[in-house]
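Each residue takes its place number in the sequence, starting with 1.
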Amino acid sequence: MLIKTEPFRISPLLIAFGCLYTAGETVKFLRGDALWGTIDLVLGAILAIACALTWRFTRDAPVEPRRKEGRALPLQLLLCGFVVIATALDGMLPAWGVVRRAIYAVAALHVSPDIANGVTNFTLYCVPLALVLLVLGVPLAQLGIGRFRRGSAGSAVVWLILPLGIFAYAILSGKLTVSVMLAVWLSNLLQNGVSEELLWRGLVFGRLSAVMKTEHALFIQAVLFGAWHASADMHAYHGDLINAVADMIASQAMFGLALGYLRIRTGNIAIGAAFHLLFDSLQIFQ
């Protein structure tokens, strides 16, 4: 039996996250990071508009009731936690580092270093965990690879038109060549777009939503996604813990929340993965 989606509402969790986001932005401005604070404010506004329009396009789309969660749910959660911790610590786990270097070495024999890193990320982040979950009976739809819901095409336009427009302008104005653009896209396809979206909005979110309300799973995966970037943020802010935490909340967690919402409304991670790779590819203009 199909049921209608819930109407748009402002939840207490969203208000709480908004307070965290405001605190993170305030810290950034007070501690001299006004440039990235402003960028995050603009990005936050863009993502909020995109989410609102996504709700508008998908508000009348039928959703399927919760299906079976597979066998050995505690084991599923344990494996997801292990992969998240292992990838967050990365080089700090000797055995994990050996496997990562081995996969990278093989991939680097055939492709460029950036693409080899993407192959390594996808192989470590997603492939083994996804296969185990499938063997345990978890449906593809709960891994973020489900049927697109009505209104997803309009949502895709909303999310992708701005980054694609920026790249189109750069090519038409002679500031970027098609070959360079495609190389950057290919580099970010597995390195960030597919790997991170399948891991977080597919595997992790799917398992969290199996044991709690969808709304709670959405916010928890967003906060964990921000914390997952702790090492990169600490490096970017030269060990400044306060600024690093502020960036985790105002940047990565906010990004994860928006893409998680997109995944829920469309029933698939594909649009989020496309946006993620395009967004990360914009760094070429820095």
Open item on the list: What I'd like to find out is whether the side chain of Val119 reaches to under 4.5 Å of the side chain of Val106, using heavy atoms alone.
Closed with: no
TODO: Quick one: closest heavy-atom pair of Ser187 and Asp114, and the distance?
DONE: OG-CB, 3.1 Å
Task: Cluster companions of Leu241 among Ile, Leu, Val, Met, Phe, Trp, Tyr (side-chain spacing under 4.5 Å) - done: Leu20, Met234, Val245, Met248, Ile249
Task: Heavy-atom side-chain contact between Leu259 and Phe225 under 4.5 Å - done: no
Open item on the list: A cation-pi test, strictly: NZ or CZ of Arg265 under 6.0 Å from the centre of the six-membered ring of Phe57 and no more than 45 degrees from its axis. Yes or no?
Closed with: no
- [ ] Kindly determine whether Leu218 and Phe17 satisfy side-chain contact (heavy atoms from CB on, under 4.5 Å), including the steps that lead there.
- [x] CA-CA 11 Å; Leu218 170 63; Phe17 186 87; over 6 Å; no
Open item on the list: Can you confirm whether His110 is buried at NE2, in the sense that more than 12 heavy atoms of other residues, nucleotides or ligands lie under 6.0 Å from that atom?
Closed with: yes
Open item on the list: Run Asp247 and Asp40 through side-chain contact (heavy atoms from CB on, under 4.5 Å) and show every step you take.
Closed with: CA-CA 9 Å; Asp247 195 60; Asp40 286 340; 3.8 Å; yes
- [ ] Report yes if some heavy atom in the side chain of Leu136 is under 4.5 Å from a heavy atom in the side chain of Leu73; otherwise report no.
- [x] no
Donor-acceptor pairs under 3.5 angstrom involving side-chain atoms of residues 174-182: please list them, not counting sequence neighbours.
| unit_1 | atom_1 | unit_2 | atom_2 | d |
| --- | --- | --- | --- | --- |
| Thr177 | OG1 | Ser179 | OG | 3.3 |
| Thr177 | OG1 | Val180 | N | 3.3 |

- [ ] Could you walk me through whether Asn268 and Arg201 pass the side chain to side chain donor-acceptor pair (under 3.5 Å) test, one step at a time?
- [x] CA-CA 9 Å; Asn268 197 291; Arg201 262 60 71 180; over 6 Å; no
- [ ] Would you indicate whether the side-chain heavy atoms of Asn192 and Phe279 approach each other to under 4.5 Å?
- [x] no
Open item on the list: Out of the candidates Thr123, Asn121, Thr120, only one should pair with Arg100 under the side chain to side chain donor-acceptor pair (under 3.5 Å) rule; please name it.
Closed with: Asn121
Task: Co-members of the apolar cluster containing Ile242 [side chain, <4.5 Å] - done: Val27
TODO: Enumerate the residue pairs fulfilling ring-ring contact (aromatic ring centres under 6.0 Å, His included) with a member in residues 150-182, sequence neighbours excluded, ordered by first and then second residue.
DONE: Trp159-Phe275, Phe167-Trp185, Phe167-Phe285
Open item on the list: Please give me the minimum heavy-atom distance between Gln191 and Asn117, naming the atom from each residue.
Closed with: OE1-ND2, 2.6 Å
Determine all donor-acceptor pairs shorter than 3.5 Å in which one atom belongs to a side chain in residues 76-89; sequence neighbours excluded.
| unit_1 | atom_1 | unit_2 | atom_2 | d |
| --- | --- | --- | --- | --- |
| Gln76 | OE1 | Arg207 | NH1 | 2.7 |
| Gln76 | NE2 | Glu69 | O | 3.2 |
| Gln76 | NE2 | Arg71 | O | 2.6 |
| Thr87 | OG1 | Val83 | O | 2.7 |
| Thr87 | OG1 | Val84 | O | 3.0 |
| Thr87 | OG1 | Trp228 | NE1 | 2.9 |

- [ ] Please name the pair of heavy atoms, one in Val158 and one in Ala50, separated by the smallest distance, quoted to 0.1 Å.
- [x] CG1-CA, 3.7 Å
- [ ] State, with a plain yes or no, whether a side-chain heavy atom of Ile220 is found less than 4.5 Å away from one of Met212.
- [x] yes
Task: Residues His229, Gln252; criterion side chain to side chain donor-acceptor pair (under 3.5 Å); working and verdict - done: CA-CA 7 Å; His229 288 83; Gln252 284 90 10; 5.0 Å; no
Open item on the list: If you compare all heavy atoms of Gly24 against all heavy atoms of Ala246, which two are closest, and at what distance to 0.1 Å?
Closed with: O-CB, 3.5 Å
Task: Within residues 16-27 or reaching into it, pairs that qualify as side chain to side chain donor-acceptor pair (under 3.5 Å) - sequence neighbours excluded - done: none
Task: Non-hydrogen atoms of Thr58 and Arg149 that approach each other most closely - done: O-NH2, 3.6 Å
